[in-house]
Each structure stands twice: as C-alpha cells, then as structure tokens.
Amino acid sequence: MLPPDFTPCFSTALPAGEPLCFAIIGDQHLVTPETGLPALAALVPLGSPEVDVLIGHLGTTPCRLIAWPDGTAAPEGLAIEGLRALYGRLGDDAFWISARARQLLSWLRDHRHCGRCGTATTVAEHEAAAICPACAHRMYPRVSPAMMVLIRRGRELLLARSPHFKPGMYSALAGFVEPGETLEACVHRETMEEVGVTITNLRWFASQSWPFPHSLMLAFHADYVAGDIVPQEGEIEDAGWFDIDALPELPGPASIARRLLDDALAELRG
Ligand SMILES: NC(=O)C1=CN([C@@H]2O[C@H](COP(=O)(O)OP(=O)(O)OC[C@H]3O[C@@H](n4cnc5c(N)ncnc54)[C@H](O)[C@@H]3O)[C@@H](O)[C@H]2O)C=CC1
Ligand SMILES: [Mg+2]
Ligand SMILES: [Zn+2]
C-alpha cells in the first residue's frame with residue numbers, strides 16, 4: 001500500500017527541486033540498473049514528455065509522474081521493466097507510488113476526449129479531473145470495486161484459476177461489483193456464478209488498490225454452506241477444494257489474495 005507518510009495530490013503546476021521521478025514509457029517503468037528511481041537529469045535525453053504532473057509528496061519530497069508514449073527509446077543507463085516484475089525489487093514505497101502513477105496515467109490516456117460530446121479534454125490544474133471545455137463534463141479517475149472471497153470448509157480452501165493465470169496457479173474467487181449492488185451481495189452472486197456454491201459468515205479482511213488497471217480489491221473470508229463446485233464456463237478454468245497441507249501454487253506476495261490466504265492458513269494451522 002501507499003506509505004503512511006505519502007500525501008496524494010494532483011497538479012499540473014510542478015514544484016522546484018529534485019522530485020522522486022515515476023517515469024513510464026508506454027506501460028513500462030524506467031529504473032536505474034540498481035532498480036532505483038531515475039534522477040530527473042537522467043530523463044532529459046527523452047525529450048518533452050506526454051505527461052508530467054505532481055501526484056503527491058513522500059514526506060515533503062514531491063513525486064512526479066512523467067510519461068512518454070510507447071515506442072520511445074529508453075535513454076542509455078536506464079532499464080525498462082513491467083510493474084509486476086518490480087515488486088520486491090523497487091522497495092515497497094516506490095512500488096506503490098509507481099502503482100498510483102500507473103493508474104493515473106491510464107486514466108489520463110483513456111480520457112483525452114469527452115465521453116459526452118467528443119471534444120478534446122484539458123486537465124484540471126489542481127485536482128485529478130479531465131475537463132471538457134465544450135460541455136463542462138468532468139471525468140475523474142476510475143476506481144472499480146471488486147470483491148475477493150476465500151471460502152473454507154473445515155481444513156479445505158476453495159481455490160480457482162482463471163484462464164489468464166500463469167499455469168498451475170490458483171487463487172481465491174474475485175469479481176467486479178455491479179452498479180446498484182452491495183458488496184455483500186456481490187460476494188454471494190460472484191460465488192454462485194463462478195463455482196455454484198452457497199456461503200455464509202462473511203468476515204471482512206482488508207482492501208488493496210490493484211492498478212491493473214484500476215481495481216479496488218475488497219477481501220473477505222467466508223464459510224461454505226452447500227453445493228457442488230461447477231466452474232463457470234469461460235471465466236473459471238478449474239476450481240476445487242484444497243487441503244491446507246496440499247495447496248497448489250498461490251499468487252505472489254504483492255497481492256491481497258496471498259495475504260488473505262496466509263491469514264486463513266495461520267488461523268487454520270493454529
Ligand atoms: N490483487 C489481487 O490479489 C487480485 C486481483 N484481482 C483482480 O480482480 C479484478 C476482478 O477479478 P475478475 O475475476 O477478473 O472479475 P470478474 O469475475 O468480474 O470477471 C472479469 C470480467 O469482468 C468484466 N470486467 C472487466 N472490467 C470490469 C469492470 N471495471 N467492471 C465490471 N466488469 C468488468 C470483463 O468482462 C472481464 O472479463 C481484476 O482486475 C483482477 O486483476 C484478481 C485476483 C487477485
Ligand atoms: Mg472472477
Ligand atoms: Zn463534452
């Protein structure tokens with residue numbers, strides 16, 4: 001998560017002084033060979049950026065999102081890396097601020113024109129809002145709530161794999177909240193849709209921002225009630241009950257899925 005001493009903001013007015021640079025080409029992050037953040041001077045060879053905005057302060061140090069379009073050549077001395085691959089290597093603070101940078105960048109790129117009238121938008125000076133100069137429509141960053149639920153039955157956990165997971169990996173169930181729906185109703189609905197079982201005793205665990213591209217994961221524990229597992233065609237490639245001592249490959253430590261699983265395992269193993 002974002003560090004406790006990070007204060008988010010959004011401004012096109014750039015402060016003087018050396019910032020922390022969250023530099024992105026296309027959707028790849030620019031880092032030093034030692035996997036650190038690049039200095040502002042190291043970005044000069046890239047020329048004028050597509051986006052350069054203040055996205056917060058870490059303590060009193062300004063944090064800037066600076067981006068160039070896909071295909072721009074990385075300057076000598078810097079490497080380009082996918083965000084997922086940087087987890088555990090960039091340091092937690094820089095990783096989660098990079099995730100914020102990435103999410104804001106996708107939003108800016110996806111709101112270059114007004115969704116109501118098609119006019120090219122401008123960006124507000126002091127808040128994250130794309131504004132239509134013709135009809136005054138304001139477009140804020142999108143955050144999509146998505147539930148996650150880890151269902152248990154005695155010593156067993158219900159784990160599933162979506163077709164886009166890497167081979168062999170299983171996780172808890174997840175799904176997006178529908179307009180008009182409560183979070184609790186979403187947990188029950190998605191569970192029924194994806195595996196066909198009923199559950200009870202939802203217990204709140206924790207939330208996590210997930211910037212691929214703009215999910216807010218809201219995670220629960222739950223207990224199994226009834227039904228045989230029927231994987232939803234197209235969405236769930238395989239699902240099953242796994243004894244806590246015979247688990248398949250699980251998601252990596254960056255994900256709330258893993259934290260949720262570890263929490264259940266700690267409890268069940270006493
Ligand atoms: N941080 C973590 O530990 C984990 C995060 N996730 C994330 O959870 C999210 C939801 O999980 P899924 O099982 O993929 O969702 P899902 O079960 O609702 O189904 C995915 C489908 O929902 C539709 N969809 C895509 N974006 C949407 C949106 N913003 N609102 C409504 N529907 C949308 C698409 O048709 C997509 O194929 C994904 O973004 C995924 O990356 C999933 C597992 C672990
Ligand atoms: Mg799902
Ligand atoms: Zn408009």
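Because the structure is a prediction, the values reported are computed rather than measured. Both counts, for ligands and for their atoms, begin at 1 and track the order of listing.
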Check: Is there a side-chain contact between P231 and E237, using heavy atoms and a 4.5 Å cut-off?
Finding: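 No - every pair of side-chain heavy atoms lies 4.5 Å or more apart.
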Margin query: I'd like to check H221 versus V149 (side-chain heavy atoms, cut-off strictly below 4.5 Å). Are they in contact?
Written below: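 In short, these two side chains do not touch, never coming nearer than 4.5 Å.
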So for ligand 1, is [X] a polar contact partner (N or O within less than 3.5 Å, distance only)?
X    : answer
H164 : no
S171 : no
A257 : yes

Check: Can you tell which part of W210 has a heavy atom less than 4.0 Å from ligand 1: side chain, backbone, both or neither?
Finding: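 Just the side chain.
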Item checked: Location of contacts on M148 toward ligand 1, heavy atoms closer than 4.0 Å -> side chain
For [atom], state which one of [options] supplies the nearest heavy atom.
atom                    : options                : value
atom 6 (N) of ligand 1  : R142, Q232, M217, R259 : M217
atom 18 (O) of ligand 1 : F176, F212, F165       : F176
atom 21 (C) of ligand 1 : E235, M147, R189       : E235
atom 42 (C) of ligand 1 : S215, C186, A174, P213 : A174

Does [X] reach the main-chain N or O of [Y] with its side chain, forming a donor-acceptor pair under 3.5 Å?
X    : Y    : result
T198 : A226 : yes
S215 : P211 : no
S98  : A94  : yes

Note to self: Please report, to 10°, the angle around the Zn ion (ligand 3) from atom SG (C114) across to atom SG (C132).
What the structure shows: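 About 110°, to the nearest ten degrees.
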Note to self: Suppose you place the vertex at the Zn ion (ligand 3); what is the angle out to C135 SG and C117 SG, to 10°?
What the structure shows: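 C135 SG and C117 SG form an angle of 120° at the Zn ion (ligand 3).
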Next item on the list: For side chain to side chain donor-acceptor pair (under 3.5 Å), just list the numbers for R142 and H111, CA-CA rounded to whole Å, side-chain angles, deciding distance to a tenth of an Å, and then say yes or no.
Entry: CA-CA 10 Å; R142 271 202 291 171; H111 293 83; 4.9 Å; no
Check: Which of the atoms of ligand 1 are close to Q208, meaning less than 4.0 Å from one of its heavy atoms?
Finding: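 Once the distances to Q208 are compared, the set is 1 (N).
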Notebook entry, point to check: Should you measure from each heavy atom of S144, which atoms of ligand 1 turn up under 4.0 Å away?
Noted result: 29 (N)
Notebook entry, point to check: Which heavy atom of the protein is the closest neighbour of atom 17 (O) of ligand 1, given with residue, atom name and distance?
Noted result: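 Checking every protein heavy atom, the shortest distance to atom 17 (O) of ligand 1 gives E194 OE2, 2.8 Å.
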Item checked: R258 to ligand 1, any heavy atom closer than 4.0 Å ->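 Contact absent.
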Check: E194: which N/O/S atom is nearest the Mg ion (ligand 2)?
Finding: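 That would be atom OE2.
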Note to self: Taking side-chain contact (heavy atoms from CB on, under 4.5 Å) as the criterion, tell me which of I66, L30, L65 meets it with I24.
What the structure shows: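 Single side-chain contact (heavy atoms from CB on, under 4.5 Å) partner of I24 among I66, L30, L65: L65.
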Margin query: Is it the case that the ring center of W241 lies less than 6.0 angstrom away from the ring center of Y224?
Written below: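 Yes, close enough.
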Notebook entry, point to check: Are the aromatic rings of F95 and Y87 close, with centres under 6.0 Å apart?
Noted result: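 Centroid separation for F95 and Y87: below 6.0 Å.
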Next item on the list: Give a yes or no on whether a salt bridge exists between E267 and R152, defined as a side-chain N under 4.0 angstrom from a carboxylate O.
Entry: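 Looking at R152 together with E267, the answer is yes, because their closest N to O distance falls below 4.0 Å.
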Check: Is at least one protein non-hydrogen atom found at under 4.0 angstrom from atom 35 (O) of ligand 1?
Finding: no
Next item on the list: Check R89, H29, Q28 against E81 for a side chain to side chain donor-acceptor pair (under 3.5 Å) and give me the one that passes.
Entry: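 Checked R89, H29, Q28 against E81; only one passes side chain to side chain donor-acceptor pair (under 3.5 Å): R89.
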